[in-house]
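Since the structure comes first, as structure tokens, the remarks are kept for the end.
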Amino acid sequence: MTAPDLIDLLKRVHWDPLHLWNALHSFVAPLIAVLGKFFHSWIKRRNARLAQHWPVADGLVQSIDVGAGTKFFGSARKFNATFKYSYPVKNGSEVSYYSGDFFRPFPDKERAWEWLELLKNKRIRVHYKPGHPEVSTVLDADLDAHFALPARTPADLLYYSPGIVPR
């Protein structure tokens, strides 16, 4: 089959809206979701690598919560352990306060609450962007060094060992 024959064949196909919707739903939407997840994790790793060299402030965990995460194509639902933090930045003799939030996925709600209880009202290391102190991050490695949960199952070793970032 040559290229003109293929083009002629495509012209003869009746492209009704239902056919296009099925193609979009079955192929394009999952592809976009996978690419979005890949780029999100790439940006998160890149920002964490850059933030290692930012100045550090002594932050305080203000509030904690656990929410149900999204379920991705038949995988088990994860739970997002979320905390909000505040941190001071000294600029000369003036001290300004800023805040941020952090979340980490857990395979079950109980482990998420157990980890958050370790952090409740504790001091943490907050890295903030030079020149823009309102931009901040908390590194997984900093949290894992001081607030790691003991492993209960082999899966815990895979996901939450210090220095290993879940993907």
Side-chain angles (χ1 to χ4, degrees), residues 25 27-91 94-167:
H25 185 266
F27 178 72
V28 176
L31 179 65
I32 289 171
V34 168
L35 288 174
K37 185 155 179 62
F38 169 77
F39 283 117
H40 179 263
S41 64
W42 178 78
I43 288 170
K44 190 173 180 181
R45 286 192 312 269
R46 179 185 156 271
N47 288 345
R49 193 173 53 249
L50 292 173
Q52 288 177 349
H53 306 290
W54 290 355
V56 176
D58 190 25
L60 178 66
V61 175
Q62 298 289 330
S63 65
I64 59 175
D65 192 25
V66 173
T70 56
K71 194 171 179 182
F72 189 70
F73 293 111
S75 65
R77 180 174 302 279
K78 298 206 184 272
F79 294 89
N80 292 328
T82 305
F83 65 83
K84 296 187 183 304
Y85 59 88
S86 63
Y87 59 100
V89 175
K90 191 171 185 179
N91 187 7
E94 182 181 318
V95 176
S96 300
Y97 288 89
Y98 300 96
S99 63
D101 57 349
F102 179 89
F103 83 93
R104 176 181 282 182
F106 281 86
D108 60 64
K109 193 180 253 187
E110 292 76 26
R111 291 291 277 177
W113 276 114
E114 186 179 350
W115 183 69
L116 285 173
E117 287 297 327
L118 290 175
L119 288 163
K120 191 175 182 179
N121 299 321
K122 295 289 188 337
R123 297 242 175 244
I124 57 172
R125 290 173 47 115
V126 177
H127 296 260
Y128 63 91
K129 189 172 185 175
H132 297 282
E134 68 278 1
V135 178
S136 67
T137 188
V138 175
L139 299 179
D140 286 321
D142 291 341
L143 291 174
D144 290 339
H146 300 287
F147 304 105
L149 286 173
R152 292 183 182 163
T153 66
D156 292 339
L157 292 172
L158 290 175
Y159 283 112
Y160 307 108
S161 294
I164 297 177
V165 177
R167 301 214 194 284

Contacts of R49 meeting side chain to side chain contact (heavy atoms under 4.5 Å, CB included) (sequence neighbours excluded), chain-then-number -> R46
Looking at residues at least two apart in the chain, or sitting in another chain, which of them share a side chain to side chain contact (heavy atoms under 4.5 Å, CB included) with I43?
N47
Would you give the length of the straight line joining atom [atom1] of [X] to atom [atom2] of [Y], rounded to the nearest 0.5 angstrom?
{"X": "K122", "Y": "H146", "atom1": "NZ", "atom2": "NE2", "answer": "12.5 Å"}
{"X": "E114", "Y": "E117", "atom1": "CD", "atom2": "CD", "answer": "9.5 Å"}
{"X": "D144", "Y": "L139", "atom1": "CG", "atom2": "CG", "answer": "10.5 Å"}

Take the angle between the ring planes of F39 and W42 and call it parallel below 30°, perpendicular above 60°, tilted in between.
perpendicular
Without placing hydrogens or testing angles, list every side-chain donor-acceptor pair under 3.5 Å for residues 94-101, not counting sequence neighbours.
none

So does K44 have more than 12 non-hydrogen atoms from other groups sitting under 6.0 Å from NZ?
yes
With sequence neighbours excluded, residues passing ring-ring contact (aromatic ring centres under 6.0 Å, His included) with F83
F102
What ring pair (Phe, Tyr, Trp, His ring centres under 6.0 Å) pairs are there with at least one residue in residues 112-137, not counting sequence neighbours?
F106-W115
Determine the minimum heavy-atom distance between V66 and A112, stating which atoms define it.
CG2-CB, 3.8 Å
Contact summary for S136 and Y85, nearest pair of heavy atoms
OG-OH, 2.8 Å
With a cut-off of 3.5 Å and sequence neighbours excluded, list every side-chain donor-acceptor pair involving residues 52-64.
unit_1	atom_1	unit_2	atom_2	d
Q62	NE2	S86	OG	2.7

Any side-chain heavy atom of I124 within less than 4.5 Å of one from L119?
yes
